[in-house]
Q: 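Can you keep this structure in mind? I'll have questions shortly.
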Amino acid sequence: MTPFNAPVDDILFTLEHVAGASRLPGWDGDLAREIVAQFGRLAAAEIAPADEAGDLEGCRLENGRVVMPAGLRAAYGSFVAQGWHALALPEESGGQGMPAALAGAVTEIFAAASHALQMVVGLVPGAARTIARFGTEAQRALWLPRLASGEWLATMALTEPGAGSDLSGVRTQAVLRDGHWQIDGEKIFISGGDQDLTPRILHLVLARSGPAQSGVKGLSLFLVPSHGEDGQRLPVTVTRIEEKMGLHGSPTCQMLFDAAPAQLLGREGDGLREMFTMMNHARLDVSLQGVGHAARAAAIARSYAATRRQGRSGLALDAHADVRRMLDEAETIALGLRALVQMALVEMDLDESAPLLDFLTPVCKFAGTEGGVAAADLAIQVLGGYGYLREYRVEQILRDARITPIYEGANGIHAMTLAGRLLRHAEGAAAQAFADWLAPVPATQAAWEAARHRMLATEDPGAGATAFMRLTVAAASSRVWACLAAAAQHAPDPDRLHHLAARAAAHLPAQIRHHAEMLEIELG
Ligand SMILES: Cc1cc2nc3c(=O)[nH]c(=O)nc-3n(C[C@H](O)[C@H](O)[C@H](O)COP(=O)(O)OP(=O)(O)OC[C@H]3O[C@@H](n4cnc5c(N)ncnc54)[C@H](O)[C@@H]3O)c2cc1C
C-alpha cells in the first residue's frame, strides 16, 4: 500500500493562486496553510489507516443498532477532540466560521483518506446552514450548538422505495396529532441513519404534510431527533443496512419512522426548496469526494509507476509513453477538477446566490464525480494486475467512487438541470454568468455559445443534455487550465504544471469539438 500523503501544497497553490481565496474578507494565508497541513497530518496518521481496516470490517446491525468499524470510530474521536467537526459551522453557534473554500480543502483530504467516514460526518455543515436559514429562533438556539458540539451528527432522509430521483413519490407522512407533528413511514439508503460515532442523531426528513396527490408541493422538511429531551430513544429505527459495492465503512440504512416526534422546519409545503439548501452544499461536497478520489488515485499510480521495474530491461513503468499518458491524464483530472471546485467554493463564500455559482454547482457535481471514477480506473490500469488486487487499494477507490455519479442527484439529472432551467430560467442569467466567465478563453467561449444557442433552439433538449454537459465541462476546464498555466510559477512543481497545462491546451479544443459533434448526433 502507498502511504496516504495529503497534497497540501497543491491544494494551497490552487486555492490562493487560481481560485483567488485571498479575495475573501479576512483571508489569512498562513492560517489556511496551518489548518490544511494539520488536517493532512490527522488524515495520514489516523483516518486513512482506519479506512483500510474499515473497508474489510464493514458495518454491522446488532440488536437494532449500527456498529461502525472500530478504527473509524476512534478516528472520529480524534476528529472531534481536535475540533474539526465545527470548522465550517457559524461562530455564533459555537463553530469556527471558516470559509467554505477552506472547509472544502479539509473535505477533499478527508474524503481521499476515508470517503466512508467523511460521508457520515459531512452532512452537519449543510444541516446547520439549513437550520440557520429556515429555523425559528428557538430551533436555531437548540440545534446549532448541538451540531457544533460533535455529539450530534445529521442525516438527510429523502429516498424511499418508490421515490429516488423523483421525490414527488414520497409517501412518508407527517401528521399533526394534538398540535404536535409526528412522522410515519419508511426511508431507504440513508447514510449514517444510525451509527455509534455519536450518542445522538438529528434526521432532516422530507415528508408529506399535504394530501397524497399533492406532488412535491405537499412536501415539508422536518427535524426528527433520534432521542428525546429526556434522553430516551424515540421511535426511529434502522431495519436493515445495505450490502454494497464499496463504502463498506459507511452504513446505508433502511429506516422506519413510527409516530416519531418532529418539528417542522421552515414553511409547510416548502420542504423541497429548503432541502436544496442542504443538497447544494452536499453537491459541492460530492464533487470534492471526486477530487479526493482522483488525487489519491493519481498519486498512487505515479509513485507505483516510478518504482516498478520491469523484467531484464530494468526500466520503470513510467518509461513507457502510454503509461506516462495515463499518469498525465489522471493528474490533469485531479488538478483541473480541484481548481474548478475551489473556484465555485470561493464564489459561494463571496455570494451564495450568485448566478455563476448556480451554474457551476451541477457542472462541478458532474465533472468531479465522473473525474474521480475515470482517474481511479486509469490508476488501476497503470498498476496492471496489482491494480485489480486489494494490495494498493486503487480498486477500493473505484468501488467507493462509483456511487458519486448516482447520489446527490444522478448526473443525468444535473445535465437536464443545465440544459433546462439554467439555460432558460431568468432569461438565462446563470448561463450568461458562465459565458462571461469564459471570456479569458475566447475560442472556447465562442464554441460554448454556439452549443448554448443550439440547445435553446431545441424544443426537447433531453437527448442532448449529457453531450451539452460534457461540452460545458470541457469549456470550464479550458478556462481553469488557462488560469493554472498563468499561475504555474507558484506551483509546487512548475515544470510539471507547465507540461500538464500544455497538454490540456492541446486536448481541450479537440474535446469541445467532439462533444459538439456528439450534441448534433444526439439532437438528431
Ligand atoms: C451508498 C448510498 C448512499 C446514499 N445516501 C443517501 C442519503 O443519505 N439520503 C438519501 O435520501 N438518499 C441516499 N441515497 C439514495 C440516492 O440518493 C438514490 O439512490 C438516488 O437519488 C437515485 O435514486 P434511485 O436509486 O431510486 O434511482 P432511480 O431514481 O430509479 O434512477 C435510476 C437511474 O435513472 C436515471 N434517471 C432517473 N431519473 C432521471 C431523470 N429525471 N433524468 C435523467 N436521468 C434519470 C439516472 O441515471 C439514475 O441513476 C444513497 C444511495 C446510496 C447507494
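Index from 1, following the sequence. Numbering of ligands and ligand atoms starts at 1, following listing order.
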Q: What residue and heavy atom of the protein are closest to atom 20 (C) of ligand 1, and at what distance?
A: Ile406 O, 4.0 Å
Q: Does the protein place a non-hydrogen atom closer than 4.0 angstrom to atom 30 (O) of ligand 1?
A: no
Q: Take Arg393 and Glu395, measure what salt bridge (Lys or Arg N to Asp or Glu O under 4.0 Å) needs, and give me the verdict at the end.
A: CA-CA 5 Å; Arg393 300 187 62 223; Glu395 57 81 44; over 6 Å; no
Q: State whether the shortest distance between N or O atoms of Thr252 and N or O atoms of ligand 1 falls below 3.5 angstrom.
A: no
Q: Check whether more than 12 heavy atoms from other residues, nucleotides or ligands sit under 6.0 Å from atom CD of Glu62, and answer yes or no.
A: yes
Q: What is the ring orientation for His203 with Phe257, classed by angle as parallel under 30°, tilted 30 to 60°, or perpendicular over 60°?
A: perpendicular
Q: What residue and heavy atom of the protein are closest to atom 18 (C) of ligand 1, and at what distance?
A: Thr159 OG1, 4.2 Å
Q: Can you tell me the protein heavy atom closest to atom 3 (C) of ligand 1 and the distance?
A: Ser191 OG, 3.3 Å
Q: Taking only residues at least two apart or on different chains, which pairs with a member in residues 101-117 satisfy salt bridge (charged side-chain N to carboxylate O under 4.0 Å, His left out)?
A: Glu108-Arg338
Q: If we only count N/O pairs under 3.5 Å, is Phe189 in contact with ligand 1?
A: yes
Q: Any carboxylate oxygen within less than 4.0 angstrom of a Lys/Arg side-chain nitrogen, looking at Asp196 and Arg73?
A: yes
Q: Is Glu352 salt-bridged to Arg129, cutoff N-O under 4.0 Å?
A: yes
Q: Need the ligand 1 atom indices (1-based, order shown) with element for anything under 4.0 Å from a heavy-atom of Ala410.
A: 46 (C), 48 (C), 49 (O)
Q: Scan the protein's non-hydrogen atoms and note whether one is under 4.0 Å from atom 37 (C) of ligand 1.
A: yes
Q: Regarding Glu274 and Arg267, does a basic nitrogen lie under 4.0 Å from an acidic carboxylate oxygen?
A: no
Q: Provide, to 0.1 Å, the distance between atom 26 (O) of ligand 1 and the closest protein heavy atom, together with that atom's residue and name.
A: Gly164 CA, 3.3 Å
Q: Going by distance only, is there an N or O of Met156 that falls short of 3.5 Å from an N or O of ligand 1?
A: yes
Q: If you measure from atom 52 (C) of ligand 1 to every heavy atom of Ile403, Val120, Ile190, Val205, which option wins on shortest distance?
A: Ile403
Q: Could you check whether any side-chain N or O of Asp258 sits under 3.5 Å from a backbone N or O of Pro235, counting only pairs where one atom can act as donor and the other as acceptor?
A: no
Q: For ligand 1, which is the ligand I care about here, please tell me if Lys244 has any N or O atom under 3.5 Å from one of the ligand's N or O atoms.
A: no
Q: Could you tell me whether the side chain of His453 and the main chain of Glu449 form a donor-acceptor pair under 3.5 Å?
A: yes
Q: Which protein non-hydrogen atom lies closest to atom 28 (P) of ligand 1, naming both residue and atom, and how far is it?
A: Ser165 OG, 3.6 Å
Q: Decide whether the shortest distance between a heavy atom of Thr155 and an atom of ligand 1 is less than 4.0 Å.
A: no
Q: Tell me whether Arg240 contacts the main-chain N or O of Cys253 through its side chain, where contact means a donor paired with an acceptor under 3.5 Å.
A: no
Q: Using protein heavy atoms only, decide if any is under 4.0 Å from atom 33 (C) of ligand 1.
A: no
Q: Kindly indicate whether atom 8 (O) of ligand 1 is approached by any protein heavy atom to under 4.0 angstrom.
A: yes
Q: Considering only non-hydrogen protein atoms, determine which one is nearest to atom 40 (C) of ligand 1 and report residue, atom name and distance to 0.1 Å.
A: Ile413 CG1, 3.4 Å
Q: State whether the shortest distance between N or O atoms of Asp166 and N or O atoms of ligand 1 falls below 3.5 angstrom.
A: no
Q: Give me the one residue out of Lys187, Arg208, Arg171 that meets salt bridge (charged side-chain N to carboxylate O under 4.0 Å, His left out) with Glu160.
A: Lys187
Q: Distance alone, cut at 3.5 Å: any donor-acceptor contact between the side chains of Glu151 and Thr198?
A: no
Q: With only distance considered, is Leu158 within less than 3.5 Å of ligand 1 through an N or O on each side?
A: yes
